[in-house]
Amino acid sequence: MLLPKIAPRKDVAPHRALNVRGTAMFLAPHGRPGRPPAVQPADETTAKPTNQLIDRWVELGGAPVKLMNHDDALQEILDHAAAVDARPLGVCSANLDHIRHFGAGGRWEGTLNQRAPVEWLTLLDGSPLVAEARRLTDRSWPRLAGSDLVGPLLDLAGLRGLRVGFLGGSQEAQKLARERFAVERPGLVVSGWWAPERPVLSDPEASSQLAAAIAASGTDILVVGLGKPRQELWIAEYGPLTGAKVLLAFGAVVDFLAGRIRRAPVWVSAHGLEWAWRLMLEPKRLARRYLVDGPTAYVTLRRSSTTAPESMVHPAAPATPSAVPEHEPSRAPGQFVPVGVRADVAVVVVTYNNADDVDPLLASLRTETEGQTIKVVVADNSPDQGTLAALSQHPDVVTVPTGGNLGYAGGINAAMRVAGAADAYLILNPDLRVEPGAVLAMRRTMAESGAGMVVPVLLDDDGSVYPSLRREPGILRALGDAALGSRVQGRPGWLSEMDFDPESYRHAHPVDWATGAALLISAAAAGEVGDWDEQFFLYSEETDYCRRVRESGRRIWFEPSARMWHERGGSGTSTALTALMAVNRVRYAAKYCGRARLRAFTAVVLVSELARVHRPGHREAALAVVDRRRWGRLPKATRQVFPVGGGGNPPSGAVIIPAHNEAAVIARTLDSLRDALAWGTVEVIVACNGCTDSTASIASRFAGVRVLHVEAASKTAALNAADQVASLWPRLYLDADIEVSADALGAVFGALQEGPLLAARPAFRYDTRGASPLVRSYYRARSRVPANARGLWGAGVYALSREGHDRLGAFPDLTGDDYYVDRLFSGVEKSVLETEPVVVRTPRTRAALLAILRRTYRGNAQQDGFAGGQSTSRTFRELLWSVRGPLTAVDAVVYAAFAVAGRRRGLLGRKPAPVWERDESSR
């Protein structure tokens with residue numbers, strides 16, 4: 001913790017005739033009008049008792065405060081303003097609002113005390129802090145509010161010829177202040193007035209330009225009145241660029257100088273009631289500060305106040321901002337060093353089917369090798385060789401095939417075991433792109449702050465900031481998130497785990513934790529904290545690791561100048577990951593909370609899932625929270641069940657593909673099965689029913705594929721014919737236009753072989769590229785209806801175990817085989833598995849969608865006995881529950897309109913035309 005150096009104590013006499021407002025009536029010595037001597041010798045006979053107080057540091061509410069008398073504070077500030085080659089001095093006053101922002105548990109805790117180009121002098125203000133300082137030191141100390149100090153400072157600055165600038169306040173207030181200065185302070189040299197709008201202060205480039213303009217004015221003392229915490233944060237970041245030697249964070253002082261705010265009477269201030277006076281004058285602006293935030297800050301003040309530790313009395317010398325260690329001269333830019341060489345940074349990446357992502361990531365990392373040594377280790381959880389093949393084009397990248405899907409935590413551990421020595425380890429998602437200078441900026445922040453971990457700002461594809469910062473999970477925060485979700489983003493931090501405040505993403509500061517997409521961890525922290533906890537698999541693993549970093553006594557810092565672009569992908573319509581997210585929150589609470597808190601936290605998580613039960617996956621999540629027996633079915637670390645590089649025991653089973661004139665798509669589908677065919681344990685049967693095109697000849701070109709010729713153009717006949725010749729179990733029934741990966745196939749076969757499931761299908765997602773706006777709107781609404789995510793139907797793929805097929809028998813002559821099969825099994829006998837999702841290519845046109853819907857509803861009506869059945873009312877209720885705003889309401893209306901149009905023939909009692917409607921638009 002860095003605090004201003006304390007010079008040897010000087011016995012100085014107070015400036016003469018200070019009135020109750022602190023206005024100095026200083027008489028300049030003869031011969032140098034308006035220029036007082038730097039220090040007047042003390043006269044022991046006239047010195048006031050308060051001057052005998054010895055300056056000392058205390059920690060009030062977690063914020064370091066220097067206790068001083070009024071005149072010594074003025075002297076220190078003015079001496080610094082006249083010093084040569086001194087670091088900028090930031091001066092602020094500590095009151096309850098300061099503790100709320102910068103004290104223990106505050107968002108900006110420690111921000112002003114890190115090693116930075118700005119020294120900070122924090123003075124005592126506020127009656128509660130004065131009382132606490134008296135309790136700690138057994139002495140009385142005066143309040144040193146900025147509004148009391150600014151008058152004497154301006155008078156003395158005028159006498160010394162110092163140039164003073166004013167930043168903040170409205171243009172109207174500045175005009176009034178200038179008019180008063182012309183009368184009351186004609187000798188004050190004002191270097192400039194700046195009244196920037198808030199967007200300027202929020203824009204790094206605009207703030208830098210503003211600081212440059214101030215520097216050009218030759219300002220010695222800059223009065224910054226932007227309000228807490230913005231003024232302190234702006235000073236810490238841009239103060240050195242202004243050229244000012246002293247920067248005074250004095251809040252609404254411009255309004256005081258302009259006479260727009262009346263000062264409290266002396267008797268009000270003397271009784272510690274100035275806060276009530278200001279609340280009376282500005283109730284709208286100050287009500288929350290005094291009535292809501294004030295009591296919480298007061299509790300922090302009483303809990304976290306101590307006498308000053310030795311580090312405050314003798315602060316360490318500041319580190320050079322650019323002093324980042326490097327072990328050896330960097331290699332040629334673009335090259336990564338071997339794992340056997342100690343590097344400045346070891347980058348750890350965990351991949352899962354990221355063949356398309358690794359090249360852009362590595363290209364962005366190669367630009368970071370100038371000026372620092374970097375090595376890269378990739379742990380690959382992929383079920384096939386695609387990602388490893390892409391990585392093979394980068395011989396200086398070390399790859400670690402994990403032999404299965406170990407999850408994020410397991411993959412990091414696997415990579416860390418071979419990463420070797422480094423000063424820091426950078427954990428990155430494979431879909432990130434690193435902006436130039438980001439890694440060096442994170443290392444610099446780590447060196448300056450002594451942090452154990454540093455996290456960057458993450459940007460979405462459109463350039464917007466992704467809210468990646470998080471607070472430690474708690475019951476009240478979980479309750480706030482359960483009730484409000486991402487709405488009411490300005491709610492207090494104790495009611496939200498996510499930090500939505502844009503201000504948090506503009507300035508460096510300590511955080512509880514951040515999403516695990518990008519984390520720079522010091523070697524010391526990594527060594528002490530140890531492995532990542534693999535029980536979490538996905539979700540909450542970074543929450544756990546960050547907590548352990550904090551428990552090691554190290555801080556986690558957010559650095560906004562380090563920017564990375566994050567391509568966040570969706571999880572399709574899978575429900576398992578939604579349930580896993582809820583369960584892992586309970587796992588986390590179980591690890592760190594006692595029984596009572598665990599029960600309360602679990603209840604809040606359950607309430608959160610029940611409140612969203614109409615959305616896909618949340619019903620399963622609620623059931624998993626209350627029934628731990630379901631936890632075993634959720635995604636978890638697995639070793640490969642099929643061979644990668646020739647080892648392992650692959651699952652066996654059959655894939656049956658009914659195909660009627662599918663020449664346009666059959667090759668694409670069979671190509672997705674090449675890896676599975678290579679196992680040698682899977683039989684693939686294409687049953688060509690009534691084909692008059694080249695479907696059979698195309699399918700016969702694939703080694704290991706058996707082609708059946710069925711005369712009747714009937715899907716039912718094709719399914720039954722293939723069942724007659726197939727010999728392996730389980731069996732996966734796949735539409736000819738659906739692609740399934742080896743990972744998804746292996747997961748389904750494995751789940752059905754191990755039991756107790758009788759039927760299952762992989763996850764799926766809709767591909768609406770090229771579809772009309774109405775079609776896209778329909779499928780957006782459809783994806784929000786939970787029933788569409790829970791059933792075996794609608795994905796073009798499902799699988800049965802031998803026992804499940806025994807219940808089915810032969811496929812009946814019905815339209816909608818997947819709907820029929822789904823109705824044969826209860827919820828515990830069937831499951832939608834979390835796998836790489838199969839892609840369902842939706843119709844592109846309104847007419848094609850209506851054709852599919854007519855066929856679907858005709859089949860459902862045939863099985864239900866009438867058009868729609870009980871599923872209609874359930875779907876309608878879930879559709880209504882999915883409406884959360886105007887856009888979702890429009891999607892719901894479009895969905896309902898298509899549903900009515902698709903059911904029209906059934907509703908009117910017309911006999912359906914004997915035609916097999918098929919979507920040709922997506923082929």
Indicate yes or no: does [X] engage [Y] in a salt bridge with an N to O separation below 4.0 Å.
X    : Y    : answer
R470 : D512 : no
E109 : R555 : yes
R107 : E503 : no
E172 : K175 : no
E497 : R471 : no

Do the non-hydrogen side-chain atoms of [X] and [Y] ever get within less than 4.5 Å of each other?
X    : Y    : answer
T307 : W57  : no
R563 : P456 : no
E132 : R302 : yes
F250 : L149 : yes
S191 : V164 : no
L257 : R180 : no
L60  : L301 : yes
I235 : W120 : yes

Inset, instruction - Any pair with a residue in residues 205-214 that passes side-chain hydrogen bond (donor to acceptor under 3.5 Å, both in side chains), sequence neighbours left out, goes on the list, sorted by first then second residue, please. - result: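 Counting only pairs at least two positions apart or across chains, the side-chain hydrogen bond (donor to acceptor under 3.5 Å, both in side chains) contacts touching residues 205-214 are S207-W234.
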
Inset, instruction - Using salt bridge (charged side-chain N to carboxylate O under 4.0 Å, His left out) as the criterion, list what pairs up with E179, not counting sequence neighbours. - result: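 For E179, no residue satisfies salt bridge (charged side-chain N to carboxylate O under 4.0 Å, His left out) once neighbours in sequence are set aside.
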
Keeping the roles fixed (side chain from [X], backbone from [Y]), state whether a donor-acceptor pair exists under 3.5 Å.
X    : Y    : result
H80  : R87  : yes
T122 : C92  : no
E559 : S561 : yes
N95  : D97  : yes
T111 : W108 : yes
Y505 : F558 : no
H509 : S504 : yes
Y466 : V457 : no

Legend entry - Of D71, D79, D72, the residue whose pairing with Q75 passes side-chain hydrogen bond (donor to acceptor under 3.5 Å, both in side chains):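 When side-chain hydrogen bond (donor to acceptor under 3.5 Å, both in side chains) is applied between Q75 and each of D71, D79, D72, only D79 qualifies.
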
Inset, instruction - Given side-chain contact (heavy atoms from CB on, under 4.5 Å), test L248 with I77 step by step and report yes or no. - result: CA-CA 9 Å; L248 307 175; I77 293 170; 4.2 Å; yes

Inset, instruction - With side-chain contact (heavy atoms from CB on, under 4.5 Å) as the test, would you mind laying out the steps for Q174 and R178 before giving the verdict? - result: CA-CA 6 Å; Q174 290 184 356; R178 287 198 300 270; 4.0 Å; yes

Inset, instruction - Examine R134 relative to W141 and say whether NZ or CZ is less than 6.0 Å from the centre of the six-membered ring and inside a 45° cone about the ring axis. - result: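 No, R134 does not lie over the aromatic ring of W141.
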
Inset, instruction - Walk me through it: do R477 and E472 pass the test side-chain contact (heavy atoms from CB on, under 4.5 Å)? - result: CA-CA 9 Å; R477 285 171 179 159; E472 178 63 21; 4.0 Å; yes

Legend entry - CG/D85: more than 12 non-hydrogen atoms of other groups inside 6.0 Å: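 It does not: D85 CG has 12 such atoms or fewer within range.
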
Inset, instruction - Please say whether more than 12 non-hydrogen atoms of neighbouring residues, nucleotides or ligands are located less than 6.0 Å from CZ in R198. - result: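 No.
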
Legend entry - Stepwise side-chain contact (heavy atoms from CB on, under 4.5 Å) test for S217 and W194: CA-CA 11 Å; S217 70; W194 297 273; 3.5 Å; yes

Inset, instruction - Could you tell me how the ring of W193 sits relative to the ring of F181: parallel (under 30°), tilted (30 to 60°) or perpendicular (over 60°)? - result: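 The rings of W193 and F181 sit tilted, inter-plane angle from 30° to 60°.
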
Legend entry - Taking every non-hydrogen atom, the tightest pair across F500 and R491: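 Heavy-atom minimum between the residues: CE1-NH2, 4.4 Å.
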
Inset, instruction - Could you pull out the closest heavy-atom pair between A215 and G243, with the gap in Å? - result: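 It is CB-N, 4.3 Å.
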
Legend entry - Exercise: do T219 and R163 side chains pair donor with acceptor under 3.5 Å: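 Short answer, no.
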
